[in-house]
Amino acid sequence: DVQLQASGGGLVQAGGSLRLSCAASGFTFDDHAIGWFRQAPGKEREGISCINKSDGSIDYAESVKGRFFIRSDNAKNTVYFEMNSLKPEDTAVYYCAAAYGGSCWPALPNYLDMDYWGEGTLVTVSS
């Protein structure tokens, strides 16, 4: 079975940091774009970062650029998402997803293009 498991969410004060993990089973990251998405209450799901080790593409949404960093550990089949300088507006459920053959260039993938989804992990940033 193909599975993605996101973890690492929690409650943090503004200015703090969290690290999310996305562990895959049933497939490898080769030839997949792995994306992080988030959805705040009442808002549409938005893509915020993406990595594809096969084609070397990495991208970030403007709202998180310079604060959040994505990296892939292919040996562990896990993608990490370091979130720094967190703001209350970062509060959302965060999801990781994979798209076979997808790329992170020239733009972040649309959530409709993703093939596999993990269950979300809630990030709450208090002011």
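These numbers come from a predicted model, not from an experiment.
- Of all heavy-atom pairs between S72 and N74, the closest is OG-OD1, 2.6 Å.
- The salt bridge (Lys or Arg N to Asp or Glu O under 4.0 Å) check on R38 picks up E46, D90, with sequence neighbours excluded.
- Not a single donor-acceptor pair under 3.5 Å links the side chain of T91 to the backbone N or O of A40.
- Clustering ILVMFWY residues whenever any of their side-chain heavy atoms sit less than 4.5 angstrom apart, transitively, puts M83 in a cluster other than the one holding V93.
- Taking the side-chain hydrogen bond (donor to acceptor under 3.5 Å, both in side chains) definition, one finds that T78 meets it with nothing, sequence neighbours left out.
- For residues 70-87, no pair satisfies salt bridge (Lys or Arg N to Asp or Glu O under 4.0 Å), with sequence neighbours left out.
- The ring pair (Phe, Tyr, Trp, His ring centres under 6.0 Å) test applied to Y60 returns no partner, not counting sequence neighbours.
- Annotation: the span from C96 atom SG to I70 atom CD1 amounts to 9.5 Å, rounded to 0.5 Å.
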Which atom pairs, one a donor and one an acceptor, fall under 3.5 Å between side chains of residues 23-35 and the rest of the protein, sequence neighbours left out?
unit_1 : atom_1 : unit_2 : atom_2 : d
H32    : ND1    : T28    : O      : 3.1
H32    : ND1    : D30    : O      : 2.9

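- Partners of S57 under the side-chain hydrogen bond (donor to acceptor under 3.5 Å, both in side chains) rule, at least two apart in sequence or in another chain, are D55.
- Applying the under-4.5 Å side-chain rule to Ile, Leu, Val, Met, Phe, Trp and Tyr, the cluster around L11 consists of that residue alone.
- Residues satisfying the side-chain hydrogen bond (donor to acceptor under 3.5 Å, both in side chains) test with S17, not counting sequence neighbours, are N84.
- Sorted by first and then second residue, the salt bridge (Lys or Arg N to Asp or Glu O under 4.0 Å) pairs with a member in residues 10-22 form an empty list; sequence neighbours excluded.
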Could you list the donor-acceptor pairs under 3.5 angstrom formed between side-chain atoms of residues 104-125 and any protein atom two or more places apart in sequence or on another chain?
unit_1 : atom_1 : unit_2 : atom_2 : d
N110   : OD1    : L112   : N      : 2.8
D115   : OD2    : Y100   : N      : 2.7
T121   : OG1    : G9     : N      : 3.0

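- Within the model, atoms OG of S126 and CD of Q13 stand 5.0 Å from one another, a figure rounded to the nearest 0.5 Å.
- Here the OG-CD1 distance, from S103 to I51, works out to 11.5 Å after rounding to the nearest 0.5 Å.
- For the side-chain hydrogen bond (donor to acceptor under 3.5 Å, both in side chains) test, residues two or more places apart in sequence or in another chain that qualify with E62 are K65.
- A ring-ring contact (aromatic ring centres under 6.0 Å, His included) check over residues 69-89, counting only residues at least two apart or in different chains, returns the pairs W36-F81, F68-F81.
- Linking Ile, Leu, Val, Met, Phe, Trp and Tyr residues whenever their side-chain heavy atoms come within less than 4.5 Å leaves Y95 and L20 in two separate clusters.
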